[in-house]
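Each remark here refers to the structure printed beneath this line.
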Amino acid sequence: MIRQFDQTKIAQPADGSTMTSLPPISAADLAALLSSRLCHDIISPVFGIQSGLELLDDMPGDKESMQLVRSSLKSAVAKLQFARIAFGAAGSQTAMIDLNDAKTVATGYMEHEKPSLVWEGEPGYVPKNCAKIVLNLIVMASASISRGGKVHVQIDGIEPFGATITATGDRIRMQQRLVAMLDGTMGEEAMDAQAIQPYYTLFLAEESGLAVTYEKTDDRVVFKIGPKAAATANEPAGPGPAPAA
């Protein structure tokens, strides 16, 4: 695991506010961990292609081996197309992304996952960070379902941007450090490739002036994306001042 360093930390959000809920991490470590995460996602279908080709060397024309190559290749392509938007630059720094393109890569990605995907809501072009947040939350929503289930994406608005991602299944298990980051209780522990995706997602939200909130029950978790000011205004008020003695 890669330890955090005090120097060369990720830049502050664009509005100049501080990131209070996320631990500091260097730009170099962020790039390395995102690369590790991408390799983790791609290595399985690539090994599938390799295995299928080795079987074809021993059994030329074998239909099952050829099917293994085809299905693994489709999975690898879908994951790379997804990663290009979810993690990549996807154009210039101020690029806008067509939500139909985000929907297409999300659909391709989820065809190789156990949960099904339903994407509904308003179409249009949004800042690329908004699309990235949605795509990364789809992956985290899918990972929270132990088996089967459904991930539902609802685009609530374009300007200001808002979306709701709901995972429904028999048993919901959220990654512990994802919950800690969302709750603002993440300590100064080491970051690894499994924790970097929620970190990156919330970092993008901070930079974009957005907030990510969640509600969880035994069979459902709902992630909501919206303007940070609105999310703060909707938070329950804390206890009032103590009565005078």
Side-chain angles (χ1 to χ4, degrees), residues 21-22 37 40-41 44-45 71 75 78-79 82-83 85-87 99 102-123 126 130-157 161-187 189 191-206 210-228 230-238:
S21 60
L22 297 177
R37 173 69 197 197
H40 175 272
D41 290 345
S44 179
S71 61
S75 176
K79 289 178 183 293
F82 181 90
I85 297 180
F87 302 123
L99 284 175
K103 177 180 179 180
T104 298
V105 299
T107 300
Y109 179 94
M110 291 298 292
E111 284 178 354
H112 303 278
E113 301 295 314
K114 293 180 180 179
S116 60
L117 175 69
V118 176
W119 184 305
E120 298 177 320
E122 189 175 349
V126 298
C130 296
K132 287 173 178 288
I133 295 167
V134 171
L135 293 178
N136 280 279
L137 283 175
I138 287 173
V139 175
M140 288 181 275
S142 175
S144 70
I145 306 173
S146 58
R147 59 182 182 274
K150 180 177 71 174
V151 176
H152 181 269
V153 177
Q154 178 68 44
I155 303 300
D156 301 319
F161 182 76
T164 304
I165 296 93
T166 304
T168 307
D170 292 338
R171 190 184 306 170
I172 298 294
R173 291 183 177 178
M174 294 176 65
Q175 186 186 123
Q176 186 174 1
R177 279 189 283 185
L178 167 59
V179 173
M181 289 182 203
L182 288 168
D183 290 343
T185 59
M186 183 74 175
E189 59 189 275
M191 192 71 62
D192 59 22
Q194 293 301 313
I196 199 61
Q197 190 165 32
Y199 182 100
Y200 180 62
T201 304
L202 297 180
F203 175 77
L204 292 174
E206 289 273 6
L210 298 171
V212 177
T213 59
Y214 76 103
E215 294 180 5
K216 178 183 175 296
T217 63
D218 289 341
D219 61 357
R220 173 177 298 193
V221 60
V222 180
F223 297 99
K224 293 191 73 69
I225 310 165
K228 181 182 289 189
T232 304
N234 291 331
E235 289 180 355

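The neighbour count for Q176 CD, taken as heavy atoms of other residues, nucleotides or ligands under 6.0 Å away, does not exceed 12. The environment of K150 atom NZ is sparse: at most 12 non-hydrogen atoms of other residues, nucleotides or ligands sit within 6.0 angstrom.
The structure places OH of Y199 at 10.5 Å from CG of L204, a figure rounded to the nearest 0.5 Å. How far CG of D219 is from CZ of R171: 12.0 Å, rounded to the nearest 0.5 Å. Atom CE of M140 is separated from atom CD1 of I145 by 13.5 Å, given to the nearest 0.5 angstrom. To the nearest 0.5 Å, the span separating CG on D183 from CG on L178 amounts to 9.0 Å. In this structure, CE in M181 is found 9.5 Å from OG1 in T201, a value given to the nearest 0.5 Å.
For H112, the side-chain contact (heavy atoms from CB on, under 4.5 Å) partners at least two apart in sequence or on another chain are K74, S75, A78. Residues passing the salt bridge (charged side-chain N to carboxylate O under 4.0 Å, His left out) test with K79, sequence neighbours excluded: E113. Take F161 and apply the ring pair (Phe, Tyr, Trp, His ring centres under 6.0 Å) test, not counting sequence neighbours, and it matches no residue. Evaluation of the salt bridge (charged side-chain N to carboxylate O under 4.0 Å, His left out) rule for R37 yields D41 as partners, not counting sequence neighbours. For T107, the side-chain contact (heavy atoms from CB on, under 4.5 Å) partners are K103, E111, L117, not counting sequence neighbours. For F223, there are no ring pair (Phe, Tyr, Trp, His ring centres under 6.0 Å) partners, not counting sequence neighbours.
Nearest approach of V134 to A163, heavy atoms of both residues: CG2-CB, 4.2 Å. Here the closest non-hydrogen pair linking M174 and K216 is SD-CD, 3.6 Å. Of all the heavy atoms in G157 and E122, the pair that sits closest is CA-OE1, 4.0 Å. A167 and I172 get closest at one heavy-atom pair: O-CD1, 3.9 Å.
For the pair K132 (side chain) and I85 (backbone), a donor-acceptor distance under 3.5 Å is present. Although no hydrogens or angles enter the test, the distance criterion places no donor-acceptor pair under 3.5 Å between the side chain of N136 and the main chain of Q197.
Between E215 and R220 there is no salt bridge, since no side-chain nitrogen of the basic residue lies less than 4.0 Å from a carboxylate oxygen of the acidic one.
No side-chain heavy atom of H152 sits under 4.5 Å from any side-chain heavy atom of T168. Residues L135 and Y109 are not in side-chain contact: their nearest non-hydrogen atoms beyond the backbone lie 4.5 Å or more apart.
Of the residues V151, V212, V221, the one that meets the side-chain contact (heavy atoms from CB on, under 4.5 Å) test with I165 is V151.
Inspection of the K224 and T164 side chains reveals an N or O donor paired with an N or O acceptor under 3.5 Å.
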